[in-house]
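Read the numbers this way: they start at 1 and go in the same order the structure lists the ligands and their atoms.
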Amino acid sequence: MSTVMSKETARILKGVGGLYTAEVIGGGMEGTSGETVECRAKGSFRREGIKPLPGDIAEFERQADGSGFITRICERKNCLIRPASANLDLLLFVVAAAKPDPDLFLIDKMLSVVSHNGIDVLMIVNKADIGDAEKLCSVYRKAGYQAVAFSAAEHEKYKDIKKYIREFVAGKVSFFAGASGVGKSSTINAVFPELGKLLETGALSEKINRGKHTTRKTELYKLAPDTYIADTPGFSMLEIAQYNMIPKDMLIHAFPDIEKYSHGCKYSDCTHICEEGCGVIEAMKEGLLSESRHDSYCLLYKELKKQNEWDRY
Ligand SMILES: Nc1nc2c(ncn2[C@@H]2O[C@H](COP(=O)(O)OP(=O)(O)OP(=O)(O)O)[C@@H](O)[C@H]2O)c(=O)[nH]1
Ligand SMILES: [Mg+2]
Ligand SMILES: [Zn+2]
């Protein structure tokens, strides 16, 4: 007879086709903590629109064969649609200085989602060996984000940065994220060699020609008792408006630099797009704010406004 034993809790490390790999973190019999367990999830989750994500803390019941049956997803402190992840302490946002050329609108959209969700972010501007990484870093430092220049290809020259990233992730659950081909997997392999160069990296020409994403699934790896990092598949789109990721009225708070200068606007209902007496536009003219940041804000504002109008019909 298959008897169900006591409830245990686990951290979901990855999920593939309805099968989840999780690490036991509490409950159950003594000595099972740290063990990995294969789990299936309750069928009703699908009807309720619940999808277990890497980083989730789940309650499961141990089955007679040792596998788990997830019955509850504990309340999340945050979650992202792209990369699909939950309970992030830190997002390691990798962008490339070149090849592929940085898509500033995509970068700003990602940063706005992260800021909106109150997630700490460190930008890693990779491929410093073939592009001007410092220039990109300075745009984002000016916007109030932490950014470091790096080269996974010449990582021996970046010992201090590797040490900095390692110290930054200590004691946290961190997810790497970024467009396809920017070097997320290469960066993880360079900075965390103890993972044994286990991550597959892919040639860029192949990705462009075939739209290939080398990393196909998100998986959390344990580096130390409280330290986890995840590699994630790259993305090329971020549909903030379609998924209602940020309400239009909250957008300003998702751009900390725009918000900072908005306190100097003449009119309280200023949208900071092209108004007279706008503190944001003044700051841009004075070189305190990057034009590309303002461009992204305006584009996103217009997208959200359009979506709102659609939603009303
Ligand atoms: N020149 C140069 N090439 C790099 C660097 N880092 C990675 N690459 C190359 O860029 C290509 C893509 O690297 P990946 O690590 O697979 O990129 P990724 O972000 O993990 O890509 P996805 O898994 O598709 O999202 C590979 O050919 C790498 O060798 C770097 O610092 N400099
Ligand atoms: Mg990858
Ligand atoms: Zn304004």
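Contact annotation: Ser180 places no N, O or S atom under 2.8 Å from the Mg ion (ligand 2). Taking 2.8 Å as the criterion, Ser186 does not count as a coordinating residue of the Mg ion (ligand 2), since none of its N, O or S atoms falls below it.
At least one N or O atom of Thr214 sits closer than 3.5 Å to an N or O atom of ligand 1. Annotation: Phe150 places no N or O atom under 3.5 Å from an N or O atom of ligand 1; distance criterion only. Considering backbone and side-chain atoms together, Gly183 places an N or O closer than 3.5 Å to an N or O of ligand 1. Residue Ala153 has at least one N or O atom closer than 3.5 Å to an N or O atom of ligand 1. For a threshold of 3.5 Å applied to N or O pairs, the pair formed by Gly181 and ligand 1 contains at least one separation below that value.
Which of Thr187, Asp129, Thr215 comes nearest to atom 23 (O) of ligand 1 through a heavy atom is settled by distance: it is Thr215.
Around atom NZ of Lys135, no more than 12 heavy atoms belonging to other residues, nucleotides or ligands sit under 6.0 Å away. Shown here is Lys260, whose NZ atom has no more than 12 heavy atoms of other residues, nucleotides or ligands within 6.0 Å. Heavy atoms from other residues, nucleotides or ligands lying under 6.0 Å from CD of Glu75 number 12 at most. When the shell of 6.0 Å around CG of Asp65 is examined, it contains more than 12 heavy atoms from other residues, nucleotides or ligands. Residue Glu291 places its CD atom among 12 or fewer non-hydrogen atoms of other residues, nucleotides or ligands, all under 6.0 Å distant.
At the Mg ion (ligand 2), the angle from OG1 in Thr215 to OG in Ser185 is 90° when rounded to 10°.
Between Phe192 and Phe176, the angle of the ring planes goes over 60°, which puts this pair in the perpendicular group of the 30/60° scheme.
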For salt bridge (Lys or Arg N to Asp or Glu O under 4.0 Å), just list the numbers for Arg82 and Glu239, CA-CA rounded to whole Å, side-chain angles, deciding distance to a tenth of an Å, and then say yes or no. CA-CA 9 Å; Arg82 222 188 281 265; Glu239 306 91 341; 2.9 Å; yes
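Distances from the Zn ion (ligand 3) under 2.8 Å pick out these protein N/O/S atoms: Cys265 SG, Cys270 SG, His272 ND1, Cys278 SG.
Counting only distance, with no hydrogens or angles, the side chain of Glu154 and the backbone of Ala152 share no donor-acceptor pair below 3.5 Å.
Both Phe235 and Val113 belong to a common hydrophobic cluster when Ile, Leu, Val, Met, Phe, Trp and Tyr are linked at side-chain heavy-atom distances under 4.5 angstrom.
A cation-pi arrangement, defined by a distance under 6.0 Å to the six-membered ring centre and an angle within 45 degrees of its axis, is absent between Lys305 and Tyr301.
Interface atoms of ligand 1 facing Gly234, defined by a heavy-atom separation under 4.0 Å, are 25 (O).
With salt bridges taken as basic N to acidic carboxylate O contacts below 4.0 Å, one links Glu194 and Arg166.
Residue contacts with ligand 1 for Val182 involve both N, CA, C or O and side-chain atoms from C-beta outward (heavy atoms, distance under 4.0 Å).
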